[in-house]
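To keep things clear, I will list the structure first and then write my remarks on it.
Everything numeric in this text was worked out from a predicted model, so none of it was measured. The figures here come from the full heavy-atom set of this structure, side chains too, leaving out hydrogens, waters and symmetry mates.
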Amino acid sequence: MEITVKTIGIKELESMLGKMAGKAPSVLARVISRVASNVRKNLSKETIKKYSVKSSNVKATVSYKKPTASNLDSYVKTSGKTIPLYKFKIKPKNYTSTLGKKISKRPTVKAKVMKSSSFKTIGTAFIAKMKNGHIGVFKRDEENKIKELHTLSIPQMVANKEVMDFIYKDAAVTYNKRITHEINRILSE
């Protein structure tokens with residue numbers, strides 16, 4: 001998932017700056033840097049509004065390239081694998097050993113991925129602690145192998161239409177505010 005913001009051309013900015021045209025690349029670099037910084041912040045903020053995931057989990061998947069006056073390329077990118085269901089809201093959250101208990105006596109596992117949804121029962125899933133200490137929500141497959149249940153990845157959550165609409169809209173607003181501010185600041189020097 002990569003986000004791109006359209007900018008005004010360097011020639012157009014140079015004509016607006018007049019005698020200060022030589023400062024156009026540094027002006028654009030500062031503006032693009034602020035837009036990218038806002039996008040990074042909003043990725044986390046808007047994603048956690050929709051999904052029952054921690055902000056730190058979202059921030060850990062975001063990478064960013066800062067622009068310079070000589071290279072105005074910049075990006076904000078998120079990448080990552082699907083997240084174990086245990087990292088979302090589940091009931092019961094605390095692990096209690098079910099070793100030796102009949103399946104009918106085990107607690108029912110319920111999970112909630114989106115904040116707007118209610119808890120959903122996950123069939124024959126169970127919470128277990130593996131030998132290496134990892135705790136998760138597991139289920140046996142058709143071959144009787146135990147598999148950990150995963151859900152969406154952070155890039156899939158960020159790609160949510162409402163999240164992306166907000167990010168693009170805010171990026172455009174920030175760009176327009178910052179370009180005006182930077183032009184006025186340079187012209188008043």
- Message: Between Met114 and Phe166, is there shared hydrophobic-cluster membership here, with clusters defined by ILVMFWY side-chain heavy atoms closer than 4.5 Å?
- Response: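 As far as the 4.5 Å side-chain criterion goes, Phe166 and Met114 are not connected within one cluster.
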- Do you reckon Val163 sits in the same ILVMFWY cluster as Val173, going by side-chain contacts under 4.5 Å, direct or chained?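 The answer is no; the residues belong to distinct hydrophobic clusters.
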- Mind running side chain to side chain contact (heavy atoms under 4.5 Å, CB included) on Ile154 and Val53 for me, showing each step along the way? CA-CA 9 Å; Ile154 297 295; Val53 66; 4.2 Å; yes
- Using the ring of Phe126 (Phe, Tyr or Trp, six-membered ring only), decide whether Lys139 places NZ or CZ under 6.0 Å from its centre and within 45 degrees of its axis. no
Any side-chain heavy atom of [X] within less than 4.5 Å of one from [Y]?
{"X": "Lys115", "Y": "Lys50", "result": "no"}
{"X": "Ile83", "Y": "Leu152", "result": "no"}
{"X": "Ile179", "Y": "Ile183", "result": "yes"}
{"X": "Ile122", "Y": "Leu85", "result": "yes"}
{"X": "Tyr64", "Y": "Ser33", "result": "yes"}
{"X": "Lys77", "Y": "Val62", "result": "no"}
{"X": "His134", "Y": "Glu148", "result": "yes"}

- Message: Do the side chains of Arg178 and Glu182 get close enough for a salt bridge, i.e. N-O under 4.0 angstrom?
- Response: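 Result for this pair is yes, salt bridge flagged.
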- Charged N to carboxylate O under 4.0 angstrom, Lys161 versus Asp165?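 Yes, this pair counts.
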- Message: Side chains of Ser153 and Thr82 only: does a donor on one sit below 3.5 Å from an acceptor on the other?
- Response: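 No pair is found: no donor N or O on one side chain lies under 3.5 Å from an acceptor on the other.
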- Message: Surrounding CZ of Arg30 (heavy atoms of other residues, nucleotides or ligands, distance under 6.0 Å), is the total greater than 12?
- Response: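 Yes, CZ of Arg30 has more than 12 neighbouring heavy atoms, counting only those of other groups under 6.0 Å.
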- Item | Short side-chain to backbone donor-acceptor contact, Thr180 and Asn176, under 3.5 Å |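 Checked: pair present.
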- Query: Within the side chain of Thr61, is there an N or O that forms a donor-acceptor pair under 3.5 Å with the backbone of Val58?
  - Reply: yes
- Partners of Thr121 by side chain to side chain contact (heavy atoms under 4.5 Å, CB included), sequence neighbours excluded?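 With neighbours one apart ignored, the set is Thr108, Lys110.
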- Item | Nearest-0.5 Å distance, CE of residue Met157 to CG of residue Leu43 |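 Rounded to the nearest 0.5 Å, the CE-CG separation comes to 12.5 Å.
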- Task: Output, in order, the C-alpha distance, side-chain angles, deciding distance and verdict of side chain to side chain contact (heavy atoms under 4.5 Å, CB included) for Tyr175 and Arg34.
- Result: CA-CA 8 Å; Tyr175 178 81; Arg34 178 62 73 93; over 6 Å; no
- Item | Residue pair Phe138, Leu149: steps toward the side chain to side chain contact (heavy atoms under 4.5 Å, CB included) verdict | CA-CA 6 Å; Phe138 298 90; Leu149 299 180; over 6 Å; no
- Query: Which residue pairs pass the salt bridge (charged side-chain N to carboxylate O under 4.0 Å, His left out) test with at least one member in residues 54-68, sequence neighbours excluded?
  - Reply: none
- Query: Taking it one step at a time, do Ile90 and Phe119 satisfy side chain to side chain contact (heavy atoms under 4.5 Å, CB included)?
  - Reply: CA-CA 8 Å; Ile90 62 163; Phe119 280 91; 5.6 Å; no
